[in-house]
Amino acid sequence: GKFGDYGGQYVPEVLMPAVEELVDAYERYVLDNEDGFVDDFRSRIREFGGRPTPLSHADNLSERYGFDVYLKREDLLHGGAHKLNNALGQVLLAKYMGKERIVAETGAGQHGTATAMACAYLDMPCEIYMGRTDVNRQRPNVFRMRLHDAEVNPVDVGSGTLKEAINETMRDWATNVEDTHYVIGSVVGPHPFPAMVRDFQSVISEEVREQSRERLGELPEAVIACAGGGSNTMGAFSAFVGSAALAGAPEGTQDAAPDVDLLAVEAGGSSLGVDADEGYAPNSASLSTGTEGVLHGARTKLLQTGDGQIVESHSVSAGLDYAGVGPELAHLVDEGRVEPVNVDDDAALEAFHRLSREEGIIPALESSHAVAYLEQYDGDGPVVVNLSGRGDKDLDTVVEESTARDIDGAPTMEVFEE
Amino acid sequence: GKFGDYGGQYVPEVLMPAVEELVDAYERYVLDNEDGFVDDFRSRIREFGGRPTPLSHADNLSERYGFDVYLKREDLLHGGAHKLNNALGQVLLAKYMGKERIVAETGAGQHGTATAMACAYLDMPCEIYMGRTDVNRQRPNVFRMRLHDAEVNPVDVGSGTLKEAINETMRDWATNVEDTHYVIGSVVGPHPFPAMVRDFQSVISEEVREQSRERLGELPEAVIACAGGGSNTMGAFSAFVGSAALAGAPEGTQDAAPDVDLLAVEAGGSSLGVDADEGYAPNSASLSTGTEGVLHGARTKLLQTGDGQIVESHSVSAGLDYAGVGPELAHLVDEGRVEPVNVDDDAALEAFHRLSREEGIIPALESSHAVAYLEQYDGDGPVVVNLSGRGDKDLDTVVEESTARDIDGAPTMEVFEE
Amino acid sequence: MSRSDLADAFTDDSALISYVAAGDPSADATREYVEALVEGGSDVIELGLPFSEPVAEGTTIQNAIKRALDAGMTPDAYLDLVRSLDVDVPVVCMTYYNLIYQYGTESGPEEFVEAAADAGISGFVVPDLPVDESGPLYEACREHGLDLVFIVAPTTTEERLDRMLDRTTGFVYVQGRLGTTGARDEMSDDTPAALDRLRDADVPKAVGFGISSGEQAREVVASGADGVIVGSAYVDLIAEGVENDDPTDAVAERLRDLAAELKAGATASVPEPERK
Amino acid sequence: MSRSDLADAFTDDSALISYVAAGDPSADATREYVEALVEGGSDVIELGLPFSEPVAEGTTIQNAIKRALDAGMTPDAYLDLVRSLDVDVPVVCMTYYNLIYQYGTESGPEEFVEAAADAGISGFVVPDLPVDESGPLYEACREHGLDLVFIVAPTTTEERLDRMLDRTTGFVYVQGRLGTTGARDEMSDDTPAALDRLRDADVPKAVGFGISSGEQAREVVASGADGVIVGSAYVDLIAEGVENDDPTDAVAERLRDLAAELKAGATASVPEPERK
């Protein structure tokens, strides 16, 4: 359960037995394919989720940059993002474990929606905790969760955002731990979550390796992925790192490939650093700028004050806006295997527009960070960018922010003026 | 260019040379794969669009009905619906023809978005005509088109909806016919559009046949698809009818399969029939209840008054709300090969909720009509339902209409009450 | 009125063909307007039978058609209106094929052509019926002695032109520019070329699409046209009258004046400026 | 104040362990509240060092922590507050591991434990530090003579319990119910069973989570507990005081009264009702 010094199981005792039970289930079902669990997962994520997702050559971006750019199209996964890989895996695992109920936290609503979707499909009762502020500003995702018959419990404490939702979900789990599984949405939390979520997401890099072999005839020079909590990042990197451990991977797709550069693009927000006095970081760059600490069950890199108080992070992309990061990523950065880089809000918005305009693909604001990094990339390619999700959910934000910031390449919206 | 008595080329003379040029291009590129056009199309719709889309077994619906239900997942195609098959095909064809500009009409915005997306990808200038009323009520789709760098031209004439948008697009085409291709969004319009759009969409039924062979070991008992203009319908049916003519189809997937029942589910709206005095039909069931006439370039079945004035159609689903239907479908209905059936607005809304709740898939309101018909289906299965698109675009409408109509199975939205 | 031969309208001097939509804004108004247009010098009246989907029209005529439909115009009311007209020039029915096709108890154009002939219509202009699909209507027109007028567009190929001329009686409608109907300030540069390739055709050539002034009419005739077709310019006056709630006779007066200006332009003997 | 042995607090009669969050709503108020709680009969003070992510707390204590952080409470201010307390009962520091880990110039728990010992802290309760991860803190506590209190949950397995008891000094914190902290109206049915399996353990057992009244305290002690831990019930009074802008001494008075009620309940000799 450790990645170097990172990871571990820093959770209240009341949850430890459930965590231990989960470790056992993870080892048996996920690592050893007991009862054909992994086969079942692979078949369902293919049939229900739409895997494999394509590796698309970006003709116009390739021309722009002078090297081949490929996009790993997780935006085409059911639900519109890579989130389903994990949600489906965990809900299915909970079913194998005999759990009768699912809880999950959600911030912007993407993970909650993916979990609700998986629960509807697998016929599991589901409750999602979501801060009141988020409920009110993410109505479409609340609609989706309700349509999938999930209970959505608004959390009225504090600022009513992700942090309070996590606390309330922990509280529910701690209260109903015997029959309930908590579907954590990223490669964070106590062991086995970081390893398990990585393994469910590792189908991404498995496919990238296979598709690279077929399409490029070689492995890419680099894989670029955005990093918030880091689930799409680890999904895109794990097969290259050699840490993916999901049973049944095609031969050769899980051996370490040390020549492939792995770039984790964090949200640079408006600027780097932490304002300790205000308890605020105008970014979410915990890998690049964070310090070691313990949060939400694991030791990892965090945005925190010198005292150890976690600060409010920031990103124009709600999905990257998190003060921590997966412990394995923190370790891989320390090891030099993953290079942490970052792009700021404006660059991400510009990349959102560039991909929409040049390639006919509207990326999630999260994924736009990975796309934005191409502007700085100085290799020869080919490069694979993990397009972790689609941007339908971000339309209002992007139109508003692009106008407010006068973003280069943003289209005018004069059409609405009568 | 005829399907029995239906079809033809009823267009202004100014457009006829362009139509003839298109017939020639259709025959050379699409039917004969000149310059490898079809190979290029197939490769791009796979890589950019995400084909093949899965054929998902609907576990919970199958249990409900006592026969196997499979869903053909066009909701997972890039853009969220089958529309891209056609838009990509036509824009690519326009490029092969040396055209320099694309125009298209759009009602709710789905076809305009798909066209804008294909144009961004293929680097073609694009202008979309959209009624002012639709512009104002379909903001997200307008955002999308603008993000893909398409001009969106609001049409201020009349009621400012689809009909006026079609007129304005025709007008643009008639003015710029020499360098411009008009991407019609369904299997309607003058020849070769109905045949050509069918062929681009026939990848759906090609895949259904291949996937059925692999997964079911047999062809399905029936294929069910919703029918507005009929492009997803013909896409889902053509390989079974034997009319698909896209070069390069896998062997055996294009021979007529007369034992497979083909059910075209129309929008029954609030009731059937036409109110000639009001010039209004509270439905869009032109195949079931329409009469022969000439509209938008083709002879087909129409909702019209005894005098021949086209009436305003209605459906809770904007995408089915059209007074005409593809001429080939009209012919197949007359021949008895396709059975036209219909479900009303309420049944479609109930099916929207049923699929969202039971299977974790939020269908487009269009596709919900096909899903709804399962409630009446009395065969033994297996049945394939063409899930032509996803319902993200319909969330507001569904939530509002479900409350107003007190729809069975609609979730409460109490979560928003503080 | 009795039906007269369309081609006769072109025998004297350059013809003015004037379009209004029947029933815009009422059948009675249309009757007055038609009579005023004839008084102004129109040689042919092209009377629109409004169809709900006028795909070949620009905004001006689309709106006229909407006003006419809203006021209740129907094919039967149209025929009644034609019967009641007190004019001595031929009346051509301009409409879309579906209305012709649906009329009566059986599908097909025969019943409407018969009824139209009976009401005094001299011919048809059907903008969504290219020559390729015109067989049944052409046959019905021949049977009842009506002319079927085809539109020759700037894009029309030689091969298509030949097919059209084969079926042309009455006159040829030369579409003076790309696009749809609608008044423009200037004559299209395409018009002389369009007329040029019809020089050898043994039918009168009337140019339409965009003509709105006597000067334009003069230029078009100077380019070789046997007549000019004007629609949107009249309809603009009618629309203005509707908007300002002007009395019908005031609008009719303006229509008469415009027709007179156009007729004067069309028949002016001034050579075209370029040849000076 | 000088540090005293935690276990000693349990020697006389059933102990009352009282929790408040340091700095809620100010350090000065906390000083008064702690003194009032001791006057009311508390045998141990569990003084919360507020952490920004209090995952083991219910809403009541979450809000208290937020008030304390907003008012500027920090680890150094916390230690100053502890130093300034004028009470003769042991003070346990209840906090989350990251604050302990970050304190000082080097990562790791040593510096904070040393500073805490120096300020007069007797032990630690760290709800997000299960025994499995407790090695470094345990070692540091041993070195400085502090107790590390583990929480035994209803879900704790025998095997885990054994590991905890191996490292337990001071007392065992028996979590009386599933879930997080927060006042409840009734004692959990799980409490007797939880205590039962600790019967043979040679350390005092204090039950917490949900106790808010003298009657509940009495029931818990009757079930075999050596002490009761109360937090949210006090915090409710503090929150009410903040909301109503009550003077600190009025709130302190209420805290004193509640502590007295709880202490009376905990030390009542009435046997538990079921055994009557």
Side-chain angles (χ1 to χ4, degrees), chain B residues 1-2 5 7-21 23 155-159 162-164 166-178 180 189-191 276-277 279 291-300 302-312 323-324, chain C residues 49-60 62-63 65-66 69-70 72-78 95-105 107-108 112 126-134 150-157 159-161 163-164 173 175 177-182 209:
Chain B
K2 301 268 178 177
D5 289 337
Q9 296 174 314
Y10 297 83
V11 294
E13 173 60 23
V14 67
L15 295 174
M16 275 307 296
V19 166
E20 288 180 342
E21 185 191 353
V23 169
V155 180
D156 286 317
V157 196
S159 59
L162 178 61
K163 152 189 190 150
E164 290 80 14
I166 292 175
N167 286 353
E168 280 304 300
T169 319
M170 291 288 279
R171 183 180 189 174
D172 182 312
W173 196 27
T175 308
N176 303 291
V177 62
E178 281 149 348
T180 297
H191 178 72
D277 289 344
T291 53
E292 197 187 330
V294 173
L295 176 67
H296 293 147
R299 190 183 297 185
T300 186
L302 301 175
L303 296 178
Q304 56 185 334
T305 65
D307 284 346
Q309 303 292 1
I310 311 306
V311 301
E312 297 271 348
Chain C
L49 165 56
F51 176 53
S52 55
E53 316 292 317
V55 294
E57 318 296 347
T59 311
T60 304
Q62 280 182 44
N63 287 334
I65 286 173
K66 185 164 189 323
L69 288 173
D70 287 350
M73 182 48 62
T74 65
D76 281 327
Y78 177 90
T95 193
Y96 287 77
Y97 192 56
N98 197 49
L99 295 189
I100 297 171
Y101 185 81
Q102 297 301 328
Y103 190 83
T105 50
S107 288
F112 190 68
V126 188
D128 67 341
L129 193 74
V131 63
D132 319 65
E133 302 286 358
S134 66
F150 290 104
I151 298 171
V152 176
T155 51
T156 300
T157 56
E159 183 267 330
R160 295 188 58 78
L161 185 58
R163 278 197 278 154
M164 271 185 252
Y173 189 136
Q175 179 175 336
R177 66 178 69 230
L178 293 174
T180 49
T181 58
F209 278 53

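We name chains A, B, ... by the order of the sequence lines, and we start the count at 1 in each one. It should be emphasised that the depicted structure is a prediction, and the values quoted were computed from it without experimental measurement.
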Check whether C:Ile100 gets within reach of chain B through its side chain, its backbone, both or neither, counting any heavy atom under 4.5 Å. neither
Could you tell me which portion of C:Pro50 (side chain, backbone, both or neither) has an atom closer than 4.5 angstrom to a non-hydrogen atom of chain B? backbone
Any idea which heavy atoms bring B:Val294 and C:Phe51 closest together, and the distance? O-CZ, 4.4 Å
Report which part of C:Tyr101 has an atom under 4.5 Å of a heavy atom belonging to chain B: side chain, backbone, both, or neither. side chain
Regarding C:Thr59 and B:Arg171, is there a side-chain donor-to-acceptor distance under 3.5 Å anywhere? yes
Gap separating the CD1 atom of C:Ile151 from the CE atom of B:Met16, nearest 0.5 angstrom: 13.0 Å
Going through the distances and angles, do B:Asn167 and C:Glu53 end up as a side chain to side chain donor-acceptor pair (under 3.5 Å)? CA-CA 8 Å; B:Asn167 286 353; C:Glu53 316 292 317; 5.5 Å; no
Identify whether the distance between the nearest side-chain nitrogen and carboxylate oxygen of B:Glu20 and C:Arg163 falls below 4.0 Å. yes
Quick one: CD on B:Glu312 to OG on C:Ser52, what's the gap to the nearest 0.5 Å? 9.0 Å
Give the intermediate values and the outcome of side chain to side chain contact (heavy atoms under 4.5 Å, CB included) for residues B:Gln309 and C:Leu99. CA-CA 7 Å; B:Gln309 303 292 1; C:Leu99 295 189; 3.8 Å; yes
Judged by modelled atom types alone, do B:Asp307 and C:Gln102 share a side-chain donor-acceptor pair under 3.5 Å? no
With B:Leu162 via side-chain contact (heavy atoms from CB on, under 4.5 Å) - residues at least two apart: B:Glu105, B:Ile166, B:Tyr322
Between B:Val177 and C:Thr155 the two heavy atoms that sit nearest each other are CG1-CG2, 3.5 Å
Decide yes or no for C:Asn98 and B:Leu302: does some side-chain heavy atom of the first lie under 4.5 Å from some side-chain heavy atom of the second? yes
If we define contacts as heavy-atom pairs under 4.5 Å, which of C:Lys66, C:Met164, C:Arg160, C:Glu159 has the most with chain B? C:Arg160
Just checking, any donor-acceptor pair under 3.5 angstrom between side chains of B:Glu13 and C:Thr156? yes
Look only at the side chain of C:Glu133 and the backbone of B:Gln9, and say whether a donor-acceptor pair between them is shorter than 3.5 Å. yes
Looking at C:Ala56, C:Gly58, C:Pro154, which has the largest count of heavy-atom pairs under 4.5 Å with chain B? C:Gly58
Which of B:Val311, B:Thr291, B:Val11, B:Leu15 touches chain C most, by non-hydrogen pairs under 4.5 Å: B:Val11
Looking only at B:Met170, B:Glu178, B:Arg299, most heavy-atom pairs under 4.5 Å shared with chain C are made by B:Arg299
To the nearest 0.5 Å, what is the distance between OG1 (B:Thr180) and CG (C:Leu178)? 10.5 Å
